[in-house]
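Notes follow the structure.
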Number of protein chains: 2
Amino acid sequence: MYEMPKSKSDVAGDVFCAKCPARYLITKLSSKWSLLIIDALKDGPMRNGELMRFIDGISQKMLTQTIKELAEMKLVHREDHQTIPPHVVYSLTPLGEGLQEKICSLDRWIEENVIAMVEDNNSIPLKLI
Amino acid sequence: MYEMPKSKSDVAGDVFCAKCPARYLITKLSSKWSLLIIDALKDGPMRNGELMRFIDGISQKMLTQTIKELAEMKLVHREDHQTIPPHVVYSLTPLGEGLQEKICSLDRWIEENVIAMVEDNNSIPLKLI
DNA sequence: GCAAGTACGCACCTTTTGGTAACTATGAAA
DNA sequence: TTTCATAGTTACCAAAAGGTGCGTACTTGC
């Protein structure tokens, strides 16, 4: 597994290096649910139920789990009103906003180029949206 | 699973829709190996062994498998010289070049912001690069 | 008064991911 | 002559991802 460095200043970024924290982060972020949650939060704060309905196909378990990881990475802010029934609001942190621009750019590119990627290709499943 | 539409013109992109091909593609692309291979090919064609050495930690199996998927998505071109011993060269297609810009932008952002994401966080493993 | 919504945690189970080792055929270098 | 590099494939196995169903404690609408 990983080892802790002596000080934080020893940390630097290289995704191609297996032991770099940057690689750890790219491993965490390279999940469809992480990408979709950050994309979904681009227009402002959302609650759990809203995200569930917006991100078609995500389960409650994966939403909770992924949001927790994104919060640990300081990309998403979790605001719990501490009421019963629960009222929790999720939003992007300033750091998350920066990442969101990159991820949205990637997602929009995929949506725009999906036809070129799947045409004449029987191994990629197609379906009406 | 998925169903085939009547014609290709029915295809459109929405990553938030579970049955959209765009979701299928984002699912395939959201793996660390896909992201790293496309990033690695940004400076020109590379051979199998070069990629193995450049992308620290990837196994032969995952490299072969991921490249195959990227080729099916028309993002990577596989040029096999049909010799023994084998000589195969991989490069980005014009489509892959477009995606590479987005992915490199994401990877560089992660490398630049890795410190902000991991500081004061004991759940994220750190290591000297 | 009963059901639904809220945002989870937990246990169980299946599917997918991904590592390792063995094997391929050949040329080139030691 | 023996070893290595090349770019794979295959089988086997362990680990991780991820779905489903249950329970929670309360409020609001029907």
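Quick note on labels: first sequence line is chain A, next is B, and so on, each numbered from 1.
The 5' end of DNA chain C is approached more closely, in terms of each residue's nearest nucleotide, by A/H87 than by the other of A/K61 and A/H87. Residue-to-nucleotide proximity on DNA chain D shows that, of A/P86 and A/I58, the 5′-proximal contact is made by A/I58.
Atom CD1 in B/I37 sits roughly 13 Å away from atom C1' in C/dG18 (whole-Å rounding). When rounded to the nearest whole Å, the span between NZ of B/K68 and C1' of C/dG18 equals 16 Å. Rounded to whole Å, atom P of C/dT17 lies 13 Å from atom CG of B/L29. Residue B/Q82 contributes atom CD, which lies 13 Å from atom P of D/dA7 at whole-angstrom precision. Here C/dT17 presents its P atom at 8 Å from CE of B/M62, a figure rounded to the nearest Å. Rounded to whole Å, atom P of C/dG27 lies 8 Å from atom CD1 of B/I84. Rounded to a whole Å, the CD atom of B/E69 is 12 Å from the C1' atom of C/dT16. Across the protein-nucleic acid pair, B/L63 atom CG and C/dT20 atom C1' stand 16 Å apart, rounded to whole Å.
A/Q60 comes within 4.0 angstrom of a base, heavy atoms only.
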field: Worked check of side-chain contact (heavy atoms from CB on, under 4.5 Å) between B/V76 and B/L92
entry: CA-CA 4 Å; B/V76 167; B/L92 293 174; 4.2 Å; yes

message: Could you go through A/R23 and B/D56, starting from their C-alpha distance and side-chain angles, then the distance that decides it, and tell me whether this counts as side-chain contact (heavy atoms from CB on, under 4.5 Å)?
response: CA-CA 10 Å; A/R23 172 70 76 88; B/D56 184 23; 4.2 Å; yes

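Scanning both residues, A/I37 and A/L70, for their nearest heavy atoms gives CG2-CD1, 3.8 Å.
The environment of B/K42 atom NZ is dense: over 12 non-hydrogen atoms of other residues, nucleotides or ligands sit within 6.0 angstrom.
Ranking D/dG19, C/dG19, D/dA25 by closeness to the B/S59 side chain, first place goes to C/dG19. With D/dT27, D/dT9, C/dT26 as the candidates, the nucleotide lying closest to the side chain of A/P85 is D/dT27. For A/N48, taking side-chain heavy atoms from C-beta onward, the closest of the listed nucleotides C/dT26, C/dA7, D/dA7 is C/dA7.
OP1 or OP2 of C/dT6 lies within a sub-4.0 Å distance of a side-chain N or O belonging to A/R53. Residue A/R47 places at least one side-chain N or O under 4.0 Å from the OP1 or OP2 atom of C/dA7.
A salt bridge between B/R108 and B/D39 is present, with a side-chain N of the basic residue lying under 4.0 Å from a carboxylate O of the acidic one.
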